[in-house]
Amino acid sequence: MSWRATILTLFPEMFPGPLGQSLAGRALREGRWALDSLDIRGFATDRHRSVDDTPFGGGAGMVLRPDVVDAALAAALAPGEAAPEGAPEAAAIPRPALYLTPRGRLLDQALVRELAAGPGVILLCGRFEGVDQRVIEARGLREVSIGDYVLSGGEPAAMVLLDACVRLLPGVMGGAGSAEEESFSGGGREALLEYPHYTRPAEWQGRPVPPVLLSGHHAEVARWRQAAAERITAERRPDLWARHLRAAGRAAPPPR
Ligand code: 6GU
């Protein structure tokens, strides 16, 4: 049974969107993962199909109703929903349910790895001012943000999270080593940003490629890349650089 994502959204037609293209799209067509989007409005109960209401205490915007969101989550979590193609239901591991919100814990590669290693995800995309707090608590939703800026809804964040997970699934990324060596991976270059890349021509607009890369000396190339990765990390991301130094046992953590 493949890794499965269920999106709960008011805009189900946004999916698969970009996830139907390129690496994720090919993996989707190959059955390495599955995607379904559920329209939250389909779980409205009144004749106006209302999904939101005004906030208690006043203020601008609307809040997604707990009863409607709960019914959508129940449908996504229902036994059998996790195993659509005749797999035994008893073996189905429940998928974690995440609520995408700028209030959430920041998505990082450690969480991406954890989610990709599991059975899949259920992703609730927020709109309006948010979701009634009680359904977040009652369903134990993990709140996740993709960065310190505000999107108009959780859908693009869901796409970001899924893209990051899908490329880690077995058989999705072909190129040997490319998933292990890159930025944030956890391999030998733990938490370093990537070194710069070059291809032909060896000189372009008067700019030569660093000569060591043309030398054929693999050990020297590896040393140059390591040094370049360290320099660019120290320059751009002092936070990652400090973490790297601690992991490598090269310096004490800065006092705070
Ligand atoms: Cl997950 N949702 C929204 N609406 N904005 C965000 C976000 C999520 N992550 C960063 N900004």
Side-chain angles (χ1 to χ4, degrees), residues 3-21 24 28 33 35-44 50-57 59-66 68-70 72-73 75-77 94-169 183-184 191 193 236-237 239-240:
W3 199 86
R4 183 157 172 241
T6 299
I7 317 291
L8 307 180
T9 170
L10 291 166
F11 301 93
E13 65 283 2
M14 282 194 192
F15 294 89
L19 296 170
Q21 305 288 320
L28 193 56
W33 67 296
L35 173 67
D36 33 48
S37 47
L38 288 183
D39 187 351
I40 294 171
R41 199 169 295 279
F43 298 89
S50 62
V51 294
D52 56 346
D53 208 336
T54 53
F56 278 125
M62 299 291 274
V63 177
L64 284 175
R65 288 166 48 155
V68 175
V69 170
D70 188 66
L73 283 164
L77 286 160
R95 291 173 294 162
L98 279 55
Y99 169 40
L100 294 157
T101 165
R103 296 184 6 175
R105 99 160 233 204
L106 276 183
L107 181 67
D108 61 13
Q109 194 66 11
L111 179 56
V112 168
R113 267 189 241 112
E114 177 191 331
L115 295 172
V121 287
I122 293 164
L123 301 179
L124 172 63
C125 299
R127 281 268 156 182
F128 316 111
E129 295 313 296
V131 173
D132 189 296
Q133 180 65 24
R134 293 165 297 182
V135 71
I136 297 172
E137 292 168 11
R139 288 284 181 182
L141 302 182
R142 289 173 76 172
E143 298 182 65
V144 174
S145 165
I146 63 163
D148 292 337
Y149 41 81
V150 181
L151 305 169
S152 55
E155 287 81 5
M159 291 175 193
V160 165
L161 183 149
L162 290 177
D163 183 277
C165 289
V166 165
R167 58 188 290 288
L168 299 184
L169 299 178
S183 301
F184 309 117
L193 301 181
R236 294 185 183 178
R237 294 289 303 273
D239 57 326
L240 291 181

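This chain uses plain numbering: 1 for the first residue, then up along the sequence. FYI, side chains are in, hydrogens and waters are out, and symmetry mates aren't considered; it's all heavy atoms of this structure. Note that ligands are numbered from 1 as they come in the structure, with each ligand's atoms numbered from 1 the same way.
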Determine whether more than 12 heavy atoms belonging to other residues, nucleotides or ligands lie under 6.0 Å from atom CG of Asp239.
->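 Yes - once you tally the heavy atoms of other residues, nucleotides and ligands closer than 6.0 Å, there are more than 12.
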Per-pair distances, ligand 1 N/O vs protein N/O, less than 3.5 Å:
unit_1: ligand 1; atom_1: 4 (N); unit_2: Leu151; atom_2: O; d: 3.1
unit_1: ligand 1; atom_1: 5 (N); unit_2: Leu151; atom_2: N; d: 3.0
unit_1: ligand 1; atom_1: 9 (N); unit_2: Ser145; atom_2: OG; d: 3.3
unit_1: ligand 1; atom_1: 9 (N); unit_2: Ile146; atom_2: N; d: 3.0
unit_1: ligand 1; atom_1: 11 (N); unit_2: Tyr149; atom_2: O; d: 2.5

Restricting to pairs with a member in residues 156-166, which pass side chain to side chain donor-acceptor pair (under 3.5 Å), not counting sequence neighbours?
->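 As it turns out, there is no side chain to side chain donor-acceptor pair (under 3.5 Å) pair with a partner in residues 156-166 once direct neighbours are skipped.
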Under 3.5 Å, is there a donor-acceptor pair between the side chain of Trp3 and the main chain of Leu115?
->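 Yes, Trp3 side chain to Leu115 backbone: donor-acceptor pair under 3.5 Å.
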Gly104 versus Ser145, closest heavy-atom pair with distance =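 Reported closest heavy-atom pair: O-CB, 3.6 Å.
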Sequence neighbours excluded, which residues qualify as side-chain hydrogen bond (donor to acceptor under 3.5 Å, both in side chains) partners of Glu114?
->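 Residues passing side-chain hydrogen bond (donor to acceptor under 3.5 Å, both in side chains) with Glu114: Arg142.
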Among all residues two or more places apart in sequence or in another chain, which pass the salt bridge (charged side-chain N to carboxylate O under 4.0 Å, His left out) test with Asp132?
->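 Asp132: salt bridge (charged side-chain N to carboxylate O under 4.0 Å, His left out) contacts with Arg134.
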